[in-house]
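Heads up: the structure comes next, in structure tokens.
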Amino acid sequence: MVIAHEFDYRRPASLEEAIGVLSEYPGSARLLAGGTDLVAWLRDDAVAPDVVIDIKDVPGLGDITLEGDILRIGSLVTFTELIESDLVREHAPLLVEMAETVASTGIRNRATMVGNICSAVPSCDTGPVLLVYDTTVYLAGPGGERSLDINDWFIGLRETALSDDEVVTRVDIRIRHHGGVYVKLMRYAGEDLAQAAVAVAVYPDNEYKVAFGAVAPTPFRSTRIEDALRGNPLDDALVADVVAMVDDETSPITDMRASAEYRTRMTEVMLERGLWEAIERFAGTGTTYGVRLI
Amino acid sequence: MQLRTTVNGEDWTLDAAPADVLLDVLRERVGVKSPKIGCERGDCGSCTIIMDGRTVRSCLVLAVEADGHEITTVEGIGYNGLNELQSLMLGNNSFQCGFCAPAIVLAATELLEHNPNPSRHDVQEALAGNLCRCTGYEPIIEAVLSAGGGGAE
Amino acid sequence: MTTTYPFESEATSDELTSVGTPAVRIDGLDKISGAAQFVDDIDFGPGLLHAAVVESPHAYARIVSIDTSEAEAASGVVRVATGADFPYKFGMYMEDRYIFAQDYVRFVGEQVAGVVARSHREAVQGAKLIKVEYEVLRPLLDPKSAVADGADLIHPDLSNYTHVPWFFPEADTNIAHWRRVRKGDTERAFAEADYVLEDTYHVPRYAHCAIEPHVTVSKLDHADRLTVWTASQSPHTQRHLFAEALAPLGFAHKDVRVITPYVGGGFGGKAGVSMEIIGAAMATLVKGRPIKLRWTREQEFYNTYQRQGVVAELKVGVMNDGAITAVEHKLYWDAGAYVEYGANVVNAAGLSATGPYRVPNITNDSLCIYTNLPPGGPYRGFGYSEFHFGLESHMDRLAEAIGMDAVEFRKKNAIVEGDELAYGAHMNPSGLHEAIDKTAAAIDWGVEEQSDNPNTVIGKGMALFWKAPAMPPNASSASFLKFNEDGSINITVSGMELGQGYLTVMAQIASEVLAVPVDKIRVETPDTDRNPYEWQTVASHVTWSSGLAVEKAAVEARAKIFDVIHQVYGYEEGSLYLEDEEVKCKTDPSFSKPLREFVIDGIQTEEGTWRGGPIIASGKFMPEFTNANSDPATGQGGHPNVHYTVGATGVVLEIDKQTGRIWVRKAALAVDAGRAINPDLVKGQITGGLVQGLATVLYEDMRFDEGGKMMNPTFTDYKIPTAFDIPDEIIPIIVEVPQPDGPFGARGVGEHTMIAAAPVIANAVYNALGVRITSMPITQEKVSMSYLEKLKSEHKQ
């Protein structure tokens, strides 16, 4: 649809200016980075802001750097830039594996990982992966900068801890040796939103982080499954135990994309295959990141 | 609002409302017709243009975002004669109705610029966002692989 | 082998120079360079107006009132229209449709009003201001409910509708047409059969998904001439339907002009008339200004033709030796709210629902049933894909039941030249056995393959297909041909280049006859003022029909060329031939006259005067052996179908037992093209059709809610193939058993290549997992959950 609603467009040249414009339009502003969500919503008449604030000219938000054991990813970094980054591929390969499943090249060239977690749809791919990493989100607002643990980011259906007057500036990931998977249930080999998703990261001493996407109102970690796995080497019985927890841990819906029953069943399959692959990758004997498990 | 952009090497100064979408402005005001209206949601890829060297879905870009940026479409790519990729696609009868062709040429062009010797999987990946209902993709993939020098699997 | 063709069709295969070659498409450069112009690309200047429509949110309702006052006053709005402005019925084979809904809306999305405004944005905003009050009624959303006792009549006036003589509506029901075929005695045959299998198959609706949406620009000029630019498969039929629908306003055919440039895919969805009538009609209200109406992708899904759904009840009887003795095929079609075109799908399917087999006893019923869903209409395959799903699944099951190999079973019963068809006529020459053998060989049929991956299993499947063009018995094609000063040729036809390569094939035919290279032949897209008649570009018939018209025009041009040469130089016409753009003489090897020297200017005689002048020619073709006069009770007596194209499809699948994911490792498809005028383009139809067919069975999945609203009218949720969703290997096989009355022996293949895709997958899934799925689509989820069910029930035993 043509965009029927009219709005102002501002392109601030600095972070301070961006925050200033947000304050000029309290509650009726939308930030524009890649735009692959926002422009679609504008076209669908799903949102009607008074102003669209294009932050692509704000300096310092587009870098990927490694400082000690912290991988810093600016909020304007696109999925393509993640995929092409040697730093990300080496230190946070799950981000690359996940990014390669998002839409298509033409979308990935614009869409940002941070935009993905700000839109926070239940099937958002980035959520489960950031949840299995040690991730901190940095925000800037009129009161200055603050940081948020990723576990406090998703607070409800399409709702995040980002306030109306704030801008996400970057995401930090504390890097440790790990192996992991991002497994995504799609309807076919072509691009698709996740009908269910599983992210697993295994760290030294059998520490596991396990997160799910598209099977609850938000992406989430299952501490129950993580507790059962913690400290234990993987064996068939342990895997069967945690797979049996999936049904209780998840709350998928039945919609036109998939039934709740199939989503649950596939989440069990993805978790099982994912766990085994994760420890192989930890040991350096697994498949290359990007090889699909389902 | 005023925006300045370069389209296929030509400078343009245009007036656009914030709510004007780049695809429509290119087609209606600049007169470049090769990016097509197919779904207006970024699903079909037929609106693809190259902006600053990368393919983007122009149906999901506001016209004002193009201010200060460079746009290339297939009219610009083949202006001085078909390039090797286009010649191979022509010779291989890669396209049928042709509606998706300009966008696919751009997607393949971007691929070959970043990955001069792509594998079949690489080609499929690069084209996966461009829907073609006619060809079943095989003759397109063949031509892109030839342009890339055969393709390592 | 030489076969005699009509119209002096040409030499043996060895001597052909253009026909049979994989020529580069003559529209290829246009499309690769961005030059190709589609309707939405044409500039109409600053005066262009834009239209938007108001659509019904209800599947079935009475329109109580429409208040357009706010819209009329809105900024930029030029005109508003409702059904009251156009209280006329129209339709392709039956007049049951309206330009805007009259009194009732019959499907979610049906247009109720339209707004014309100075900008697209203002048209959309204006449309939002129109207030419609409805009395909501209970919709009928499936065919069985619609034929149940006491069901509401969606078209109470059905008996008064004008229709073609070969349709048989049932008064006071929702059955708009009932095609009955009765042959032999199925009751006795079933009683005597060694084995009888009965089951029901469910096939839902599908969407065409051409990447170019429907679009039309219409202009009524100040001299009251209506010109409509449309993305259409059928410019002449559109002109005809516009003239008929608008006749009450005083329009006749001469007052209407339809122009159709390149079309971005049709697949049947751009045949007939769907949304274009809205634009054409609204133009009559705003004189002197062109009005663009372009459908969004959502409207493309729910407010254009859809492929009908069908519930197929099939009963087949066989003997232990494999002979099929009886077929009882009852097809309940979900034909939608208006069936003016879709009823012919029902008709075509009913006549041929035995499949490509020799069947002595037949009871087929094909019912076109009104439902409160979008209008069903033509879609690649025209009813054949829909009934082949059940039929070819059934054939595998029968073979297994009597312990016979599925391919051997099919070969035993495969129809051959001369066999009697269901309706009494006889089967044309065709290479079905060759197609079956080559396809089976291509997938190593009979050799079981094991998977290396513990999660997956490998299965193989085969299925056959056939189809005849479904057309009125007098559908015709025509062509004009002219030479230019440089010896190049312009051909005008009204067939459409949808992507199938039609323009190139016509050029190759003319090239063969006139010895002019293909790249010196232009074939021009239609303008009904200038290009001669073509019924429609549908039915996979234009290679045959329009090909014959072009061939005849080329032959006439050749005759005129030889006549001029004879007049000036004295050589007998029978001694002349064309080669490399020159006239040559068999009896005088020293003679050669380049065409470009005289095809416009003529030839100067010794006396100094001139002979000849511009070489122009025409050709037309209409079959003179068809008739649709069949007995309504038995279907016998007519010759409704010109000929059948046959073939076979085979696949090798790898299936993940847990997820249900299917990889098509190999797909082979053999089709009997009679003569592949351009083998590359035939392969293009094989590849493209196969992928589209596989999509319908593997993941295209149209969903409606309880209110009859389509839930997934976007590519986000109605999945069509991407470059990742293609078989690992496609093996195209071209069989050539000539069609005696075809141009150089050719017959059509455009639709056929998708017809067997659905059952071949069902058969391969059964082969791999032992699960028989009788409803489409056969998605990952369905495979996974069906297999899980099977394992659970086996575990219980």
Side-chain angles (χ1 to χ4, degrees), chain A residues 1-11 13 30 32-57 78-81 83-84 99-111 115 186 188-193 288 290-292, chain B residues 1-3 16-25 28 35 37 39-69 103-104 106-111 114-115 121-132 137:
Chain A
M1 267 281 109
V2 67
I3 301 178
H5 172 76
E6 282 162 29
F7 48 87
D8 294 336
Y9 170 86
R10 302 280 286 275
R11 195 168 354 131
R30 284 278 175 168
L32 172 65
T36 54
D37 277 344
L38 179 60
V39 179
W41 296 338
L42 287 167
R43 302 196 72 149
D44 280 345
D45 232 0
V47 299
D50 291 332
V51 67
V52 163
I53 307 173
D54 185 348
I55 54 171
K56 291 193 283 295
D57 279 358
T78 65
F79 285 105
T80 294
E81 285 163 347
I83 291 167
E84 292 180 353
E100 285 174 347
T101 73
V102 173
S104 58
T105 52
I107 299 286
R108 294 196 291 266
N109 286 338
R110 297 283 282 183
M186 299 190 281
Y188 67 168
E191 70 175 87
D192 198 5
L193 302 167
T288 326
V291 169
R292 278 184 65 172
Chain B
M1 302 189 65
Q2 222 183 49
L3 71 113
D20 290 340
V21 171
L22 182 58
L23 174 62
D24 299 326
V25 168
E28 288 163 25
I37 299 174
C39 73
E40 299 181 279
R41 286 174 58 95
D43 288 331
C44 73
S46 59
C47 68
T48 301
I49 61 173
I50 288 180
M51 197 150 88
D52 300 336
R54 291 287 188 175
T55 56
V56 302
R57 307 287 181 243
S58 66
C59 73
L60 293 181
V61 178
L62 300 175
V64 289
E65 291 180 77
D67 183 37
H69 296 277
I104 287 194
L106 296 184
T109 298
E110 181 190 41
L111 170 71
H114 290 90
N115 185 355
H121 186 270
D122 291 336
V123 175
Q124 290 174 291
E125 173 88 70
L127 301 181
N130 294 89
L131 296 180
C132 170
Y137 303 99

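Computed from a prediction, not measured in an experiment: that's the story for all the values here. Per chain, numbering begins at 1; letters A, B, ... match sequence-line order.
Contact count against chain B (heavy-atom pairs under 4.5 Å) is highest for A/Leu32 among A/Asp44, A/Leu32, A/Asp54. Per-residue heavy-atom pair counts under 4.5 Å with chain B were compared for A/Glu6, A/Glu84, A/His5, and the maximum is reached by A/Glu84. Heavy-atom pairs under 4.5 Å with chain A peak, among B/Leu127, B/Leu62, B/Asp43, at B/Leu62. The candidate from B/Gly129, B/Cys59, B/Ala19, B/Ala107 with the greatest count of non-hydrogen atom pairs under 4.5 Å with chain A is B/Ala19. For the set A/Gly35, A/Ser104, A/Ala189, the count of heavy-atom pairs under 4.5 angstrom toward chain B peaks at A/Ser104.
Contact of B/Ala17 with chain A is not made at all, since no heavy-atom distance falls under 4.5 Å. For B/Val21, the part lying under 4.5 angstrom from a heavy atom of chain A is the side chain only. Interface remark: B/Gln124 contributes no atoms to any contact with chain A (heavy atom separation under 4.5 Å). Neither the backbone nor the side chain of A/Leu38 has a heavy atom closer than 4.5 Å to any heavy atom of chain B.
Residues A/Phe7 and A/Pro49 share a closest heavy-atom pair of CB-O, 3.4 Å. Taking all atoms of both residues into account, the shortest heavy-atom contact from B/Pro35 to B/Ser58 is CB-OG, 4.4 Å. Considering every non-hydrogen atom in both A/Ala99 and A/Phe79, the closest pair reads CB-CD2, 3.7 Å.
Among residues two or more places apart in sequence or in another chain, the salt bridge (charged side-chain N to carboxylate O under 4.0 Å, His left out) test is passed with B/Asp67 by A/Arg11.
Salt-bridge formation is not detected for the pair A/Glu191/A/Arg108: no Lys NZ or Arg NE/NH1/NH2 atom is positioned less than 4.0 Å from an Asp or Glu carboxylate oxygen.
The distance from atom CZ of A/Arg292 to atom CD of A/Glu100, rounded to the nearest 0.5 Å, is 12.0 Å.
A/Thr105 pairs in a side-chain contact (heavy atoms from CB on, under 4.5 Å) with only one of the listed residues (B/Asn130, B/Thr55, B/Leu111), which is B/Thr55.
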